[in-house]
Amino acid sequence: MNRMLIGKNIKLREVRRDDLELIRRWRNDPQYYEFFYELVPITEKEEERWFERIINDPSEILFAISLNDQTERCIGTVGFQHWDKRNRNAEWGRLLIGDKENAPKGAGKEVEVLMLEYGFEHLGLNKLYCTVFSD
C-alpha cells in the first residue's frame, strides 16, 4: 500500500528497497545499535527478510522519514507495529532519525504530529503504546 504524509519540512513515505542499505547502516551504528533488539550486527540478507516481513504484514506500517523536497532523501524511519484493527490500538515505534545532519530543526516533533494525526484520524486508533528504555 502506498502511503505518504506531507508536513512542512518532512514527508513520511513508503520505505523503498533502495533505502534498505542506509537503514541497515544506521541499525548497525554503535550510537543506535543498543536501542534495537538484535544481538549481533544485521546482514544484508537479514535486512531484506525484515523488510519483506514488514511489507507483507498488515499489522505493520513503516514509513521512511524524508526531506519534503524533490530528492525525498531518507533521513530516518518511523512506524506502527501490532496494529489491532478490532481493538483500535497499535505500538508506536521504529523511530530513528539516522541522518541528523540533514534533518530539519523540529523534525522529530513534525514526525510525531504526522503520525498521531494519521493514527487517530485516518486509522481510527483510540490507543497508542510504546516501549521506553529506562536510560
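Just so you know, these numbers use all the heavy atoms, side chains as well, and skip hydrogens, waters and symmetry mates. The chain is numbered in sequence order, starting from 1.
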Which distance, rounded to the nearest 0.5 Å, do you find between the [atom1] of [X] and the [atom2] of [Y]?
{"X": "Ser59", "Y": "Ile54", "atom1": "OG", "atom2": "CD1", "answer": "9.5 Å"}
{"X": "Leu22", "Y": "Arg16", "atom1": "CG", "atom2": "CZ", "answer": "12.5 Å"}
{"X": "Arg27", "Y": "Glu46", "atom1": "CZ", "atom2": "CD", "answer": "9.0 Å"}
{"X": "Ile23", "Y": "Ile42", "atom1": "CD1", "atom2": "CD1", "answer": "10.5 Å"}
{"X": "Phe63", "Y": "Ile10", "atom1": "CZ", "atom2": "CD1", "answer": "10.5 Å"}
{"X": "Thr71", "Y": "Lys11", "atom1": "OG1", "atom2": "NZ", "answer": "8.5 Å"}

Query raised in the report: Which is it for Val78 and Leu95 under the side-chain contact (heavy atoms from CB on, under 4.5 Å) test, yes or no, and what are the steps along the way?
Result: CA-CA 4 Å; Val78 66; Leu95 176 60; 4.1 Å; yes
Requested in this report: Decide yes or no on side-chain contact (heavy atoms from CB on, under 4.5 Å) for Tyr118 and Ile61, but give the supporting numbers first.
Outcome: CA-CA 11 Å; Tyr118 181 70; Ile61 299 172; 4.3 Å; yes
Report task. Flag yes if Val113 and Leu96 sit in one hydrophobic cluster, no otherwise; membership is Ile, Leu, Val, Met, Phe, Trp, Tyr, and two members link when side-chain heavy atoms are under 4.5 Å apart. Result ->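 Hydrophobic grouping puts Val113 apart from Leu96.
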State which residues pass side-chain contact (heavy atoms from CB on, under 4.5 Å) with [X]; sequence neighbours excluded, sorted by chain then number.
{"X": "Lys45", "result": "Thr43, Arg49"}
{"X": "Glu44", "result": "Glu21, Arg24"}
{"X": "Ala64", "result": "Arg13, Val15, Asp19, Cys74"}

Report task. Determine which pairs satisfy ring pair (Phe, Tyr, Trp, His ring centres under 6.0 Å) with at least one residue from residues 77-114, sequence neighbours left out, and list them in order. Result ->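 Ring pair (Phe, Tyr, Trp, His ring centres under 6.0 Å) check on residues 77-114 returns no pairs.
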For a quick test of reading the model, state the closest non-hydrogen atom pair linking [X] to [Y] and the distance between them.
{"X": "Asp99", "Y": "Trp26", "value": "N-CZ2, 3.7 Å"}
{"X": "Leu67", "Y": "Pro104", "value": "CD2-CD, 3.9 Å"}
{"X": "Asn68", "Y": "Gly7", "value": "ND2-O, 2.6 Å"}
{"X": "Asp69", "Y": "Arg73", "value": "OD1-N, 4.4 Å"}

Do [X] and [Y] have side-chain heavy atoms sitting under 4.5 Å apart?
{"X": "Ile55", "Y": "Glu14", "result": "no"}
{"X": "Phe120", "Y": "Leu128", "result": "yes"}
{"X": "Ile65", "Y": "Leu12", "result": "yes"}

Query raised in the report: Which pairs count as salt bridge (charged side-chain N to carboxylate O under 4.0 Å, His left out) when at least one residue sits in residues 51-63, sequence neighbours excluded?
Result: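 Sorted pair list: Arg17-Glu52, Arg53-Glu60, Glu60-Arg94.
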Requested in this report: Kindly state each residue pair satisfying salt bridge (charged side-chain N to carboxylate O under 4.0 Å, His left out) with at least one member in residues 102-130, sequence neighbours excluded.
Outcome: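 Those involving residues 102-130 do not exist here.
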Requested in this report: Begin from the C-alpha positions of Leu5 and His122 and carry the test side-chain contact (heavy atoms from CB on, under 4.5 Å) through to its verdict.
Outcome: CA-CA 11 Å; Leu5 308 174; His122 181 75; over 6 Å; no
Query raised in the report: Is the side chain of Asn89 donor-acceptor paired with the backbone N or O of Asp84 at a distance under 3.5 Å, no angle test?
Result: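 No.
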Report task. Spell out, as yes or no, whether a donor-acceptor pair under 3.5 Å connects the side chain of Arg88 to the backbone of Gly124. Result ->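 Present.
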